[in-house]
Protein chains: 2
Amino acid sequence: MTDERRGDVASVDSVLVALADPTRRQLLDLLAAQGEATATTLAEQLPVTRQAVVKHLAVLDAAGLVSGGRVGREVRYAVRPAALDATARWMAGLAADWDRRLANIKRIAEAAERDTP
Amino acid sequence: MTDERRGDVASVDSVLVALADPTRRQLLDLLAAQGEATATTLAEQLPVTRQAVVKHLAVLDAAGLVSGGRVGREVRYAVRPAALDATARWMAGLAADWDRRLANIKRIAEAAERDTP
DNA sequence: TGGATGTGCAACCCCAGAATTGCACGTCCA
DNA sequence: TGGACGTGCAATTCTGGGGTTGCACATCCA
């Protein structure tokens with residue numbers, strides 16, 4: 001986690017970087033399927049060490065994609081949809097913007113073609 | 001480009017990896033703003049070499065985010081919204097799925113609490 | 001034709017980050 | 001209380017990818 005308050009929607013950048021790694025996406029899948037899980041439990045279901053899982057969870061936490069809470073001697077993590085949803089909206093908006101621009105350029109090109117046939 | 005046909009929507013993985021790099025996102029912004037551009041032109045607007053831009057464009061092309069066409073001695077690239085849009089939908093679906101699961105888990109937890117008050 | 005301009009290819013450097021190992025510290029419970 | 005279990009921290013290794021340089025090849029145009 002960075003210095004931002006817990007619960008804030010992290011930047012799009014950190015979410016994209018977090019999602020770019022296949023092991024982290026697998027972790028998210030496992031967490032989504034099980035609701036809650038510890039780093040030790042998750043490591044047993046993956047071909048990596050617990051320490052690797054811990055580091056990945058830290059990245060996911062910094063991106064706001066998961067959050068962990070201590071229960072006794074163990075730390076249970078769960079998935080947080082908000083950051084993912086925000087990034088999805090960002091991407092959809094970007095795609096729409098590209099579409100707009102492309103349509104505009106096409107329109108201008110056709111107008112120019114009419115002027116010089 | 002890989003061996004997939006031009007125009008195919010590449011896998012979500014390649015799109016996420018492509019978008020994870022800030023320089024590549026900048027390239028996409030420039031391309032979207034200018035409609036069409038060559039690697040040489042783009043390199044002049046960024047603090048990196050043309051070769052670096054070429055490699056980034058190759059990654060973006062493999063992800064289906066841009067496409068390049070030869071015009072005389074130059075290669076002009078343009079943005080392709082389809083892959084981005086598809087990935088946005090994938091993310092939105094995933095976020096919805098997480099929401100569903102979390103709601104379900106909460107429901108079960110409350111039911112269990114009612115049984116043992 | 002020859003120079004200017006734009007691409008393509010190959011070798012190389014460098015470092016962030018993915019992963020491991022080893023050990024110390026806190027927590028539960030028989 | 002002591003052992004088992006879970007976590008935290010630090011040092012280390014090593015590969016992939018971002019970036020560069022240098023040169024060869026293709027294309028335009030005066």
Side-chain angles (χ1 to χ4, degrees), chain A residues 1-2 6 10-11 13-31 34-78, chain B residues 1-3 6 10-31 34-78:
Chain A
M1 188 143 63
T2 61
R6 285 257 319 239
S11 66
D13 179 278
S14 61
V15 172
L16 290 175
V17 169
L19 290 178
D21 186 90
T23 302
R24 280 195 285 267
R25 286 200 301 274
Q26 250 185 300
L27 278 174
L28 291 174
D29 280 342
L30 289 173
L31 278 178
Q34 301 170 21
E36 268 190 352
T38 67
T40 304
T41 298
L42 291 167
E44 291 168 356
Q45 310 172 55
L46 289 177
V48 294
T49 311
R50 171 184 64 91
Q51 292 300 334
V53 171
V54 169
K55 291 185 184 179
H56 283 307
L57 287 173
V59 174
L60 291 171
D61 183 27
L65 291 168
V66 305
S67 72
R70 187 148 218 144
V71 180
R73 71 179 155 186
E74 59 188 17
V75 180
R76 298 188 189 157
Y77 285 88
Chain B
M1 188 145 65
T2 61
D3 60 350
R6 287 256 319 241
S11 65
V12 168
D13 179 276
S14 60
V15 172
L16 290 175
V17 170
L19 290 179
D21 185 88
T23 302
R24 281 196 284 267
R25 286 199 301 274
Q26 252 186 299
L27 277 174
L28 291 173
D29 281 342
L30 289 173
L31 278 177
Q34 301 170 22
E36 267 190 352
T38 67
T40 304
T41 298
L42 291 167
E44 291 169 356
Q45 311 171 55
L46 289 177
V48 294
T49 311
R50 172 183 64 92
Q51 293 300 333
V53 172
V54 169
K55 289 185 184 180
H56 283 308
L57 286 173
V59 174
L60 291 170
D61 183 26
L65 290 168
V66 305
S67 72
R70 187 149 219 145
V71 180
R73 71 179 155 187
E74 58 188 17
V75 180
R76 297 188 189 156
Y77 286 88

Undergrad: Whole Å only: how far is the CG atom of Asp13(A) from the P atom of dA16(C)?
TA: 16 Å
Undergrad: What I'd like to find out is whether the side chain of Asp13(A) reaches to under 4.5 Å of the side chain of Arg25(B), using heavy atoms alone.
TA: yes
Undergrad: Would you say the base of dG8(D) and the side-chain of Arg50(A) have a donor-acceptor pair closer than 3.5 Å?
TA: yes
Undergrad: Would you check if Val75(A) and Leu57(A) make a side-chain contact, meaning some heavy-atom pair closer than 4.5 Å?
TA: no
Undergrad: Any side-chain N or O of Thr23(A) under 4.0 Å from OP1/OP2 of dA18(C)?
TA: no
Undergrad: Quick one, Leu31(B) and Leu60(B) - any side-chain contact, counting heavy atoms below 4.5 Å?
TA: no
Undergrad: Please check the phosphate of dA26(D) (OP1 and OP2 only) for any side-chain N or O of Arg70(B) closer than 4.0 Å.
TA: no
Undergrad: Between C1' on dG8(C) and CD on Glu74(B), what's the gap in Å once rounded to a whole number?
TA: 15 Å
Undergrad: If we only count heavy atoms from C-beta on, is the Leu19(B) to Leu65(B) side-chain gap below 4.5 Å?
TA: yes
Undergrad: Over how many whole Å does the gap from Arg73(B) atom CZ to dG6(C) atom C1' extend?
TA: 6 Å
Undergrad: What integer distance in Å separates Gln51(B):CD from dC13(C):C1'?
TA: 15 Å
Undergrad: Applying a 4.0 Å non-hydrogen cut-off, can you work out what Arg24(B) is touching in the nucleic acid: base, sugar-phosphate, or nothing?
TA: sugar-phosphate
Undergrad: Between Val17(A) and Arg76(B), which residue's closest nucleotide on DNA chain C lies nearer the 5′ terminus?
TA: Arg76(B)
Undergrad: In whole angstroms, how far is the P atom of dT7(D) from the CG atom of Leu42(A)?
TA: 10 Å
Undergrad: Over how many whole Å does the gap from Asp21(B) atom CG to dG19(D) atom C1' extend?
TA: 11 Å
Undergrad: For dG19(D), take OP1 and OP2 only and decide whether either is under 4.0 Å from a side-chain N or O of His56(B).
TA: yes
Undergrad: Say whether, by atom type as modelled, one donor and one acceptor occur between the side chain of Arg24(B) and the main chain of Ala18(B) under 3.5 angstrom.
TA: yes
Undergrad: Decide yes or no, distance alone: a donor-acceptor N/O pair under 3.5 angstrom between the base of dG19(D) and the side-chain of Lys55(B).
TA: yes
Undergrad: Whole angstrom is fine here: how far is it from CG in Leu57(B) over to P in dG17(D)?
TA: 17 Å
Undergrad: Between Val71(A) and Thr41(B), which has a closest nucleotide on DNA chain C that is more 5'?
TA: Thr41(B)
Undergrad: At less than 4.0 Å, is any side-chain N or O atom of Thr49(A) found next to OP1 or OP2 of dA18(C)? Yes or no.
TA: no
Undergrad: Could you tell me the separation between the CG atom of Asp61(A) and the C1' atom of dT7(D), rounded to a whole number of Å?
TA: 15 Å
